[in-house]
Amino acid sequence: VPAGSLMCNLAVQDACFVSWSVLFSLPIDSQMFAAEENVDFRIHVENQTRARDDVSRKQLRLYQLYSRTSGKHIQVLGRRISAKGEDGDKYVFFLLPLQAQLLVETDTFGSQVRIKGKETDFYLCMNRKGKLVGKPDGTSKECVFIEKVLENNYTALMSAKYSGWYVGFTKKGRPRKGPKTRENQQDVHFMKRYPKGQVEIQKPFKYTTVTKRTKRIRPTNPS
């Protein structure tokens with residue numbers, strides 16, 4: 001038997017026999033866990049985050065995405081994408097009134113979203129070349145993005161199909177190609193904004209802080 005093998009030393013043969021007998025008396029799953037106690041579970045969590053949840057009920061939200069670089073909002077103008085929309089902007093494009101409002105379909109697990117223009121019904125997608133395009137059908141994985149809340153409270157949108165490629169825009173509101181984007185670039189930072197005159201549908205949860213225990217007041221019997 002080569003040196004460094006699992007053979008027990010004669011001096012500790014009894015203790016080694018007991019430890020191995022306990023290990024092999026465990027169920028198969030427990031044996032695997034004991035043998036792989038140094039497994040990095042972050043990989044498992046990352047894989048589950050990228051997985052689609054087709055069972056849970058979807059959530060639909062309406063808001064605008066303010067670009068940190070262009071100072072304006074994302075617009076899905078049919079097949080063309082830009083970040084030149086004003087707050088609540090509405091104008092005519094091919095006889096169709098458009099706004100910088102987006103409908104965001106969110107899965108209840110994994111922070112994966114599909115984004116489409118409220119007026120055009122075209123989805124924001126990223127093709128294999130990293131170009132942002134609008135598509136009438138958003139079932140493709142190219143139209144799914146992972147929402148990332150950054151430390152500076154901005155939101156970044158990473159492609160679910162092309163890992164490391166982000167939605168980004170230049171100062172003039174033109175789309176940047178995915179391979180040229182990084183998470184720490186201001187070009188990929190966005191802020192969620194509700195349109196003018198619209199308030200958040202879901203009210204924030206209010207906590208009640210109890211600082212002192214109240215005394216019970218016993219009712220007095222009328223004399």
Side-chain angles (χ1 to χ4, degrees), residues 42 45-47 49-50 59-91 93 98-107 109-120 122-135 138 140-200 202 204:
R42 290 177 298 179
V45 172
E46 183 178 354
N47 292 336
T49 300
R50 293 180 180 177
Q59 296 179 352
L60 197 63
R61 295 176 291 172
L62 174 65
Y63 55 72
Q64 302 173 128
L65 281 175
Y66 174 83
S67 172
R68 186 178 181 183
T69 50
S70 70
K72 296 186 179 181
H73 301 81
I74 294 181
Q75 289 181 307
V76 183
L77 310 175
R79 299 188 182 276
R80 187 166 62 89
I81 311 296
S82 74
K84 301 178 182 179
E86 300 290 347
D87 186 12
D89 188 18
K90 186 171 183 178
Y91 62 96
F93 180 77
L98 299 177
Q99 294 180 337
Q101 297 182 14
L102 304 172
L103 283 172
V104 183
E105 183 181 309
T106 311
D107 288 350
F109 179 79
S111 299
Q112 297 195 8
V113 297
R114 291 189 298 168
I115 303 171
K116 70 176 180 178
K118 180 177 180 294
E119 301 293 338
T120 61
F122 272 67
Y123 287 85
L124 174 67
C125 307
M126 181 180 289
N127 61 22
R128 61 182 181 180
K129 295 182 180 179
K131 183 179 178 181
L132 293 177
V133 295
K135 293 184 178 181
S140 170
K141 198 172 182 180
E142 290 185 342
C143 305
V144 180
F145 297 91
I146 299 175
E147 260 187 342
K148 286 186 165 186
V149 180
L150 308 178
E151 294 180 355
N152 55 8
N153 294 325
Y154 280 93
T155 299
L157 297 169
M158 185 182 73
S159 172
K161 185 172 183 178
Y162 308 107
S163 180
W165 292 7
Y166 291 83
V167 175
F169 295 89
T170 64
K171 292 182 178 180
K172 294 184 178 181
R174 298 174 181 172
R176 293 183 63 88
K177 288 191 175 182
K180 296 183 179 181
T181 59
R182 298 292 183 273
E183 182 179 312
N184 58 352
Q185 293 175 344
Q186 293 187 8
D187 298 358
V188 305
H189 295 176
F190 302 96
M191 183 183 298
K192 298 176 185 177
R193 287 174 132 187
Y194 291 93
K196 288 182 179 180
Q198 181 177 336
V199 295
E200 185 178 4
Q202 296 180 351

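Nearest approach of Ala100 to His73, heavy atoms of both residues: CB-CB, 3.8 Å. In terms of heavy atoms, Ile81 sits closest to Gly134 at CD1-N, 3.9 Å. Counting all heavy atoms, side chain and backbone alike, Pro179 lies closest to Gly130 at CD-CA, 3.9 Å.
Taking CZ of Arg114 as the reference point, atom OG of Ser140 lies at 10.0 Å (rounded to 0.5 Å). With rounding to the nearest 0.5 angstrom, the CG atom of Leu103 is 11.5 Å from the CZ atom of Arg61. A distance of 14.0 Å separates OH of Tyr166 from CG of Leu132, quoted to the nearest 0.5 Å. Atoms NZ and CD, from Lys72 and Glu86 in turn, are 4.0 Å apart once rounded to the nearest 0.5 Å. Atom OG of residue Ser67 and atom NE2 of residue His189 lie 10.5 Å apart, to the nearest 0.5 angstrom.
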Checking Phe122 against Arg79 for the side chain to side chain contact (heavy atoms under 4.5 Å, CB included) test, could you report, in this order, the C-alpha distance in whole Å, the side-chain angles of both residues, the deciding distance, and whether it holds? CA-CA 7 Å; Phe122 272 67; Arg79 299 188 182 276; 3.9 Å; yes
Between Glu119 and Gln101, does a side chain to side chain contact (heavy atoms under 4.5 Å, CB included) hold up when you go through it step by step? CA-CA 8 Å; Glu119 301 293 338; Gln101 297 182 14; 5.7 Å; no
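Side chain of Ser82 to main chain of Gly173: no donor-acceptor pair is present (N/O by atom type, distance under 3.5 Å, no hydrogens or angles).
Looking at heavy atoms from C-beta onward, Met126 lies in side-chain contact with Trp165 at the 4.5 angstrom threshold. Counting heavy atoms from C-beta outward, Phe169 and Val188 have side chains that stay 4.5 Å or more apart. The closest side-chain heavy-atom distance from Leu62 to Lys118 is below 4.5 Å. Two residues are said to be in side-chain contact when any heavy atoms from C-beta on lie closer than 4.5 Å; Ile115 and Tyr123 fail this criterion. Using a 4.5 Å heavy-atom cutoff, the side chains of Asp187 and Thr181 are not in contact. You'll find the side chain of Phe145 reaches within 4.5 Å of the side chain of Leu124, heavy atoms only.
We find that Glu142 and Lys135 are joined by a salt bridge, their nearest charged nitrogen and carboxylate oxygen being less than 4.0 Å apart. The pair Lys192-Glu147 meets the salt-bridge criterion, with a side-chain N (NZ, NE, NH1 or NH2) lying under 4.0 Å from an Asp/Glu carboxylate O.
Looking at Thr170 and Arg176, their side chains never bring a donor and an acceptor atom within 3.5 Å of each other.
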List the atom pairs, with distances to 0.1 Å, where a side-chain N or O of residues 150-159 and a protein N or O form a donor-acceptor pair under 3.5 Å, not counting sequence neighbours.
residue	atom	partner	partner atom	Å
Asn152	OD1	Tyr154	N	3.1
Ser159	OG	Lys161	N	3.3
Ser159	OG	Tyr162	N	3.1

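A disulfide bond (SG atoms under 2.5 Å apart) check over residues 141-184, counting only residues at least two apart or in different chains, returns the pairs Cys125-Cys143.
With sequence neighbours left out, Lys148 forms a salt bridge (charged side-chain N to carboxylate O under 4.0 Å, His left out) with Glu183.
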